[in-house]
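Down below is the structure, laid out as structure tokens.
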Amino acid sequence: QQQVKQSPQSLIVQKGGISIINCAYENTAFDYFPWYQQFPGKGPALLIAIRPDVSEKKEGRFTISFNKSAKQFSLHIMDSQPGDSATYFCAAGSPQGGKLIFGQGTELSVKP
Amino acid sequence: GAVVSQHPSWVICKSGTSVKIECRSLDFQATTMFWYRQFPKQSLMLMATSNEGSKATYEQGVEKDKFLINHASLTLSTLTVTSAHPEDSSFYICSAGDYSYEQYFGPGTRLTVT
């Protein structure tokens, strides 16, 4: 019940295309859903996050779509660029201790 | 944005020795710090949660006597890997949180045990 399932495991997108990564959770106590970007050998960096009271949040080229009834959320990267090539992790947080449960990660490669 | 540093960025040690990793929040007071472990091509695995001045809470399966965590102040937490063995080789990442949900991650420490 604490799991966050992320798909796909890897993704190849052409430059200028849309990258879409999906996550699903079971525990309805989760109320904070961030996305992190990680480059090789570096720590994760927060990209964008959403709370369950909204269905969509957009920041620049990054959009989170959230479906509370389906317990799913996704990250859309518009106009994908080679510099976006990285591993992306979704996560879910609950009020209990502020812990984050991470998805398995998606390795994104944007081809020029 | 909030900045978290880790030191060292990489360390090589011999089997049986201990290694200390520092995590500092540079521009904010971290009420909670988290320690993660990450193997190549895998996700982040939470090891423990620490609050300033109190004992760390370890996740199931993490040996508290092997991975000693000290959260001495609102800006500093340390992870000591005691009697390190090759299987402890990994990428260790800390994060720091304030009163919100957001966690700010450090750059990570690559530990290699020979």
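Worth knowing before you read on, the calculation uses all heavy atoms, side chains too, and leaves out hydrogens, waters and symmetry mates. Everything numeric here is computed off the predicted structure, so don't read it as measured data. Every chain is numbered from 1 and lettered A, B, ... according to where its sequence line falls, protein lines coming before strand lines.
Both the backbone and the side chain of P44(A) have a heavy atom closer than 4.5 Å to some heavy atom of chain B. Neither the backbone nor the side chain of Q9(A) comes within contact range of chain B, judged by heavy atoms closer than 4.5 Å. Residue Q38(A) touches chain B through its side chain alone, counting heavy-atom pairs closer than 4.5 Å. For L100(A), the parts lying under 4.5 angstrom from a heavy atom of chain B are both the backbone and the side chain. When heavy atoms are compared at a cutoff of 4.5 Å, I93(B) approaches chain A solely by way of its side chain, counted from C-beta outward.
I20(A) and V4(A) fall into different hydrophobic clusters, defined by Ile, Leu, Val, Met, Phe, Trp and Tyr side-chain heavy atoms under 4.5 Å apart, directly or through other members. Connection of L46(A) to L46(B) is established within a shared hydrophobic cluster, with ILVMFWY side chains joined at heavy-atom distances below 4.5 Å, either directly or through further cluster members. In terms of hydrophobic clustering, with Ile, Leu, Val, Met, Phe, Trp and Tyr side chains grouped at heavy-atom distances under 4.5 Å, L76(B) and F28(B) are assigned to different clusters. At a threshold of 4.5 Å between side-chain heavy atoms, the hydrophobic network of Ile, Leu, Val, Met, Phe, Trp and Tyr places F91(B) and M33(B) in two separate groups. Clustering ILVMFWY residues whenever any of their side-chain heavy atoms sit less than 4.5 angstrom apart, transitively, puts W35(B) in a cluster other than the one holding L44(B).
Annotation: residues 75-92 of chain A contacts chain B through F89(A) [non-hydrogen atoms, separation under 4.5 Å]. Within residues 65-73 of chain B, no residue has any heavy atom under 4.5 Å from a heavy atom of chain A.
Within 6.0 Å of the CD atom in E52(B), the count of heavy atoms belonging to other residues, nucleotides or ligands exceeds 12.
Not counting sequence neighbours, the partners of L11(A) by the side-chain contact (heavy atoms from CB on, under 4.5 Å) test are P8(A), V13(A), S19(A), I21(A), T106(A), L108(A). With sequence neighbours excluded, the residues satisfying side-chain contact (heavy atoms from CB on, under 4.5 Å) with S18(B) are T80(B), T82(B).
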- Task: For the pair Q104(A) and Q42(B), evaluate side-chain hydrogen bond (donor to acceptor under 3.5 Å, both in side chains) and give the outcome as yes or no after the intermediate values.
- Result: CA-CA 7 Å; Q104(A) 295 84 356; Q42(B) 292 191 22; over 6 Å; no
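Within the 4.5 Å cutoff, side-chain heavy atoms of Y32(A) are placed close to those of E102(B).
A distance of 12.0 Å separates OG in S43(B) from OH in Y36(A), rounded to the nearest 0.5 Å.
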